[in-house]
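Below you'll find the structure, written out as structure tokens, and then a few comments.
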Amino acid sequence: MAVTGDETETGTSGDLTACQLQNTGSSLPQGGAETSTQGFVKSANPSQKREHRLMKNREAARECRRKKKEYVKCLENRVAVLENQNKTLIEELRSLKDIYRHKVE
DNA sequence: TTTGACAAGCGTCAGTTCAG
DNA sequence: CTGAACTGACGCTTGTCAAA
């Protein structure tokens, strides 16, 4: 056996932490250099404010999609690893059953 | 070559969440 | 309470591919 031993190691425990989507960066203050932005927002006229808001949202949407894509890829990885692990365990069980049967006979 | 179906990516809006 | 960030939903554009 030891067919997929290496893969199990990269998978299970690692992916549990790697596949987190919710709190990876969403609630972080994103850079922290908001002072200039705030100054701008206060002095800007409504159409400038709107433009600024749209730009911010555009970037946020892009980032959101990037994170989601990464998360999905991570989950798919995890599925592959677990499927391999499952296959290995089934094989192992079969061979143990076989050994047992020969002993009994 | 043309055309229709499909997937992927994008921008925008609206609703939600959270820090200040 | 308010402003900023996040995200689901919607419509639009673009690229790819198989069938005609």
Side-chain angles (χ1 to χ4, degrees):
Chain A
M1 28 182 258
V3 187
T4 54
D6 37 4
E7 272 146 323
T8 52
E9 167 240 318
T10 45
T12 48
S13 60
D15 282 352
L16 279 176
T17 52
C19 285
Q20 289 167 344
L21 175 64
Q22 303 303 351
N23 295 325
T24 42
S26 51
S27 56
L28 294 176
Q30 299 296 99
E34 298 302 321
T35 45
S36 59
T37 299
Q38 281 169 350
F40 164 76
V41 167
K42 279 191 178 171
S43 60
N45 64 43
S47 100
Q48 283 175 318
K49 279 183 185 174
R50 173 181 157 78
E51 213 45 50
H52 184 259
R53 184 173 51 76
L54 288 181
M55 190 189 72
K56 282 285 192 184
N57 190 240
R58 200 179 304 139
E59 286 166 8
R62 230 177 278 157
E63 176 65 10
C64 181
R65 285 170 183 137
R66 189 193 64 75
K67 275 199 301 190
K68 187 172 183 177
K69 209 173 161 186
E70 195 179 329
Y71 174 67
V72 168
K73 201 186 287 181
C74 188
L75 285 182
E76 285 170 346
N77 242 10
R78 186 158 155 70
V79 167
V81 166
L82 289 174
E83 278 176 348
N84 264 339
Q85 212 175 340
N86 196 35
K87 211 184 292 178
T88 303
L89 288 172
I90 287 172
E91 241 172 64
E92 193 178 338
L93 177 62
R94 189 176 300 148
S95 92
L96 287 173
K97 277 182 176 174
D98 217 42
I99 291 171
Y100 177 71
R101 201 179 327 119
H102 280 95
K103 266 195 166 179
V104 167
E105 288 172 359

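Lettering of chains follows the sequences in order, A, B, ..., and the numbering in each one begins at 1. The basis for the numbers below is simple: all heavy atoms, side chains too, and nothing from hydrogens, waters or symmetry mates.
Under 4.0 angstrom from either OP1 or OP2 of B/dG9 there lies at least one side-chain N or O belonging to A/Lys69. Put simply, A/Lys68 has no side-chain N or O that comes within less than 4.0 Å of OP1 or OP2 on C/dC6.
Put simply, CZ on A/Arg66 is 15 Å from C1' on C/dT7, counting in whole angstrom units.
With sequence neighbours excluded, the residues satisfying side-chain contact (heavy atoms from CB on, under 4.5 Å) with A/Ile90 are A/Asn86, A/Arg94. Partners of A/Arg53 according to the side-chain contact (heavy atoms from CB on, under 4.5 Å) rule, which considers only residues two or more places apart in sequence or in another chain, are A/Arg50. Listed by chain and residue number, A/Cys19, A/Tyr71 satisfy the side-chain contact (heavy atoms from CB on, under 4.5 Å) test with A/Leu75 (two or more places apart in sequence, or in another chain).
Grouped by direct or indirect side-chain proximity (heavy atoms under 4.5 Å, Ile/Leu/Val/Met/Phe/Trp/Tyr only), A/Leu54 sits alone.
Electrostatic pairing of A/Lys67 and A/Glu63 does not count as a salt bridge here, judged by no charged N lying under 4.0 Å from a carboxylate O.
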Reading nucleotides 10-17 of chain B 5' to 3', which nucleotides get B (base under 4.0 Å from a protein heavy atom), which S (sugar-phosphate only), which -? BBBBB---
